[in-house]
Amino acid sequence: MIGEHAPQVAGDAADVVTRLELEAARTAPLQPGALEFLDEALARSARVFVVTNNDPGVVAAVLDRHVPGLTARLHGVHGRTAGRTDDLKPAPDLLLRALAQVPVQLPSVFLGDSVTDVLAGAAAGVPVVGVAQDAQRRADLLAAGARAVVADLGELLHTPGAGPA
């Protein structure tokens, strides 16, 4: 990791990465069904957090581009901490920060699209539902320990007994 091997350039590198992330956020697509899922989850008073290895500002840049003010309706965004790399997924730190904001021990699930998401969920003791359209990625998520995988977040709303609660 850059913080360990070249700490003298870590800050500059992080600034470059953040700038590139924010630039990409201007055109980044959302996961299929994401807006429908978020709207329904928030309407049901679910506590919704976003956990990302990106700079937290990227979440607002993407979500609010599609629905102005959507990020403000979330319960929190936990992303890359300036000057640190040790808390990035697959480490559970960011996910544990989100879980610490839940006032009581509510059932939780982590939705993730990468193997590092599945590993972070396992390390935090939270079941993971994978999200991937690509067949190989779906297989990789299941092999890493995802409880299930959906191609579209909207599928979670249309499964009997499933969906945000």
Is the count of non-hydrogen atoms from other residues, nucleotides or ligands lying under 6.0 Å from R84 atom CZ greater than 12?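 Yes.
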
H75 side chain to F49 main-chain N or O, any donor-acceptor pair under 3.5 Å? no

State whether the side chain of R65 and the backbone N or O of R26 hold a donor-acceptor pair below 3.5 Å, judged by distance alone. yes

Validation row: [X], [Y] side chains within 4.5 angstrom (heavy atoms):
| X | Y | value |
| --- | --- | --- |
| V59 | N54 | no |
| Q101 | H78 | yes |
| R80 | T52 | no |
| T81 | R97 | yes |
| L157 | E36 | yes |
| L63 | V67 | no |

Between E23 and R19, is there a side-chain N and carboxylate O pair less than 4.0 Å apart?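 So E23 does not pair with R19 through a salt bridge.
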
Does D113 come within less than 4.0 Å of R138, counting only side-chain N to carboxylate O? no

From [X] atom [atom1] to [Y] atom [atom2], the distance as rounded to the nearest 0.5 Å:
| X | Y | atom1 | atom2 | value |
| --- | --- | --- | --- | --- |
| T116 | L88 | OG1 | CG | 9.5 Å |
| R147 | L141 | CZ | CG | 14.5 Å |
| D86 | D93 | CG | CG | 6.5 Å |

For L111, side-chain contact (heavy atoms from CB on, under 4.5 Å) partners two or more places apart: F37, V129, V131, L153, L156

Applying side-chain contact (heavy atoms from CB on, under 4.5 Å), name anything that partners A25, two or more places apart in sequence or on another chain.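 Result, side-chain contact (heavy atoms from CB on, under 4.5 Å) vs A25: V58, A61, V62.
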
Please walk me through it: do D117 and L95 pass side chain to side chain contact (heavy atoms under 4.5 Å, CB included)? CA-CA 9 Å; D117 289 334; L95 182 54; over 6 Å; no

If the condition is side chain to side chain donor-acceptor pair (under 3.5 Å), which residues does D55 pass it with, not counting sequence neighbours? none

Closest non-hydrogen atom pair, [X] against [Y]:
| X | Y | result |
| --- | --- | --- |
| P92 | A120 | CB-O, 3.7 Å |
| V149 | A132 | CG1-N, 4.1 Å |
| A60 | T71 | CA-OG1, 3.2 Å |
| S108 | V126 | O-CG1, 3.9 Å |
| A146 | G130 | CB-N, 4.0 Å |

Qualifying residue for side chain to side chain contact (heavy atoms under 4.5 Å, CB included) with N53, from T85, L94, D87, V17: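 Only one of T85, L94, D87, V17 forms a side chain to side chain contact (heavy atoms under 4.5 Å, CB included) with N53, namely L94.
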
If you apply the rule side chain to side chain contact (heavy atoms under 4.5 Å, CB included), what do you find for V118 with L142, and how did you get there? CA-CA 9 Å; V118 178; L142 288 169; over 6 Å; no

Do V128 and V109 pass the side chain to side chain contact (heavy atoms under 4.5 Å, CB included) test, and can you show the C-alpha distance, the side-chain angles, and the key distance before you say yes or no? CA-CA 6 Å; V128 178; V109 65; over 6 Å; no

Begin from the C-alpha positions of L99 and R47 and carry the test side chain to side chain contact (heavy atoms under 4.5 Å, CB included) through to its verdict. CA-CA 10 Å; L99 292 168; R47 297 188 65 82; over 6 Å; no

